[in-house]
Amino acid sequence: MVNFNDIMETITMIQDENLDIRTITMGISLLDCADSDIDRSCEKVYNKITSKAKNLVEVGQTIEKKYGIPIVNKRISVTPIAMLVAASGGDPVKYALTLDAAARKVGVNFIGGFSALVQKGFSAGDKELIAAIPEALEKTEFVCSSVNIGSTKAGINMDAVKLMGSTVKKAAELTKERQCIGAAKLVVFCNAPEDNPFMAGAFHGVGEPDVVINVGVSGPGVVRSALSKLPDDASLNEVAELIKKTAFKITRVGQLVGNEASKMLGVPFGIIDLSLAPTPAVGDSVAHILEEIGLEQCGAHGTTAALAMLNDAVKKGGVMASSSVGGLSGAFIPVTEDAGMIAAARDGVLSIEKLEAMTAVCSVGLDMIVIPGDTPDSTIAAIIADEAAIGMVNSKTTAVRVIPAIGLDEGSELDFGGLLGNGPVMKLRSQSSQKMINRGGRIPAPMQSLKN
């Protein structure tokens, strides 16, 4: 029997509390598109994507109308393109232009997978792809890029870390006339998941099916609204329990959409990523959830503990609601995309050091952080190394997406508009890390890797 109260509660969550399906992402394997001729390979890539994803946007819109659930983004993730470069050789930018054309043809918001997996070293195609990332992001509109430079099993490839420090900087420089957007579409991972539906870090892992549908839900506003109804003297046990119950309801909505999309598209349903992904919209902030828990402002002492509880409760609620929880799943803390974090960063309450501490307990890492445009490549590389170390030692996914604001200094503002938001240029340490970064080599895997 349909429960009227449940229906009304869901309607309220959508209309008043910013509940949405943040993305349905179709993962497409391109392994069968490999060819020794890059032009033939690009043709196969274009044909496969436009064939498999031709109805993706239409299906998303149909589900929106049928259930009244907003589906904000329709996206595609593909096999790491470095693998195709290994077979074909040639200029990897050709693949980026092909992905962009295919994304435009089928009407998706983003396409991810201009990627390389180099956690234990470089194989054929990897260095070529990394070198091509800045130009690829400059010349495309929809393409997103990611590189996995470390894992708990492999350690950290510090040669790749050094390369990515300069790659991030160059991506920003080549797109400085467009708010350095190139760097905002580039993620550097440790322990990257193969089924992440969220951009800019999505790629289709080699262990995935030929085609699959993954769903990313989002509901920071729903969680905050629920917490606002608790009395101030409610215990943290009660807070955690309410977050868990709310995450259950949010995940059930994602399960419904995933099942419908899978049935209508005729492809397997993969996972629900139940990450609380904020936007700059009022009432859609992870920072404001932490403040509802009891902090005066995000970044105050106690922020890491509150975030740890939030992340854990969200995951517990999600796994009760679905047996297909995967991806990143938890709470995102992208500074420019979260109204509460933007305010805390402007006020100087939220520093990059505090954000780094928070990444030890959240879903991803240092995300959408604007840094001074003259930041040395070695400093960017050192930030990546620090974050990768947290992921490696704690057996979790961490990532870095920093945007060097070319021509801007600390305290200035960079404004992307839309979901990417805006934010202040944050202060970094001025002391050099160049000697360490120049050493190269590999940071060995920790003891935690010996689990067999």
Side-chain angles (χ1 to χ4, degrees), residues 165 168-169 172 179-180 183-184 220-221 224 227 276-311 331-376 378-387 390 398-417 419-433:
V168 169
K169 183 73 168 289
Q179 290 75 47
C180 306
R224 184 195 182 191
L227 291 177
L276 297 179
T279 73
V282 175
D284 202 23
S285 162
V286 169
H288 289 159
I289 296 175
L290 303 179
E291 291 162 9
E292 200 66 58
I293 289 171
L295 303 171
E296 182 177 350
Q297 191 168 23
C298 179
H301 299 296
T303 296
T304 305
L307 181 60
M309 181 181 68
L310 171 64
N311 211 51
F332 287 177
I333 52 171
V335 175
T336 71
E337 298 175 18
D338 185 305
M341 292 195 183
I342 294 168
R346 282 182 183 145
D347 293 344
V349 179
L350 191 62
S351 66
I352 194 164
E353 290 81 12
K354 186 60 177 177
L355 283 162
E356 185 179 296
M358 293 163 67
T359 64
V361 299
C362 78
S363 286
V364 194
L366 296 172
D367 195 14
M368 289 303 289
I369 295 172
V370 186
I371 61 176
D374 60 356
T375 302
S378 58
T379 298
I380 299 172
I383 292 170
I384 293 169
D386 280 344
E387 196 58 33
I390 291 173
T398 52
V400 171
R401 184 164 50 147
V402 294
I403 301 96
I406 307 302
L408 299 181
D409 299 321
E410 176 193 334
S412 302
E413 294 267 337
L414 193 64
D415 190 350
F416 299 103
L419 278 177
L420 294 179
N422 62 87
V425 179
M426 297 187 72
K427 181 180 180 180
L428 300 181
R429 302 286 183 185
S430 60
Q431 290 77 13
S432 174
S433 311

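Starting from 1, each residue takes its place in the sequence as its number.
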More than 12 heavy atoms from other groups under 6.0 Å of CZ on Arg346:
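Count over threshold, so yes.
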Report, as yes or no, whether the 6.0 Å neighbourhood of atom NZ on Lys354 holds more than 12 heavy atoms from other residues, nucleotides or ligands.
yes
Flag the pair Glu337 and Arg401 as a salt bridge only when some basic side-chain nitrogen lies within less than 4.0 angstrom of an acidic carboxylate oxygen.
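Here Glu337 pairs with Arg401 in a salt bridge, since their nearest N and O are under 4.0 Å apart.
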Lys/Arg-Asp/Glu bridge criterion (N-O < 4.0 Å) met for Arg224, Glu292
yes
[Y] and [X], any side-chain heavy atoms less than 4.5 Å apart:
{"X": "Ile403", "Y": "Leu414", "result": "yes"}
{"X": "Glu356", "Y": "Glu387", "result": "yes"}
{"X": "Leu276", "Y": "Leu310", "result": "yes"}
{"X": "Val349", "Y": "Met341", "result": "no"}

Taking [X] for its side chain and [Y] for its backbone only, find out whether a donor-acceptor pair lies under 3.5 Å.
{"X": "Asn422", "Y": "Phe416", "result": "no"}
{"X": "Thr336", "Y": "Leu420", "result": "yes"}
{"X": "Ser433", "Y": "Ser378", "result": "no"}
{"X": "Asp338", "Y": "Gly340", "result": "yes"}
{"X": "Asn311", "Y": "Ala331", "result": "yes"}

Please name the pair of heavy atoms, one in [X] and one in [Y], separated by the smallest distance, quoted to 0.1 Å.
{"X": "Phe332", "Y": "Val364", "value": "CE2-CG2, 3.4 Å"}
{"X": "Pro404", "Y": "Ala172", "value": "O-CB, 3.4 Å"}
{"X": "Pro372", "Y": "Met426", "value": "CD-O, 3.2 Å"}
{"X": "Gly165", "Y": "Ile384", "value": "N-CD1, 4.2 Å"}
{"X": "Thr303", "Y": "Gln297", "value": "OG1-O, 4.3 Å"}
{"X": "Ala405", "Y": "Val370", "value": "CB-CG1, 3.7 Å"}

Spacing of [X] atom [atom1] and [Y] atom [atom2] [to the nearest 0.5 Å]:
{"X": "Thr375", "Y": "Ile383", "atom1": "OG1", "atom2": "CD1", "value": "7.0 Å"}
{"X": "Met309", "Y": "Leu290", "atom1": "CE", "atom2": "CG", "value": "8.5 Å"}
{"X": "Ile342", "Y": "Ser285", "atom1": "CD1", "atom2": "OG", "value": "8.5 Å"}
{"X": "Thr359", "Y": "Ile352", "atom1": "OG1", "atom2": "CD1", "value": "10.0 Å"}
{"X": "Asp374", "Y": "Lys169", "atom1": "CG", "atom2": "NZ", "value": "7.0 Å"}
{"X": "Ile293", "Y": "Leu307", "atom1": "CD1", "atom2": "CG", "value": "8.5 Å"}

Carefully, step by step, assess Ile333 and Asp367 under the rule side chain to side chain contact (heavy atoms under 4.5 Å, CB included).
CA-CA 6 Å; Ile333 52 171; Asp367 195 14; 5.6 Å; no
Chi angles and distances behind the side chain to side chain contact (heavy atoms under 4.5 Å, CB included) call for Asp409, Val425
CA-CA 7 Å; Asp409 299 321; Val425 179; over 6 Å; no
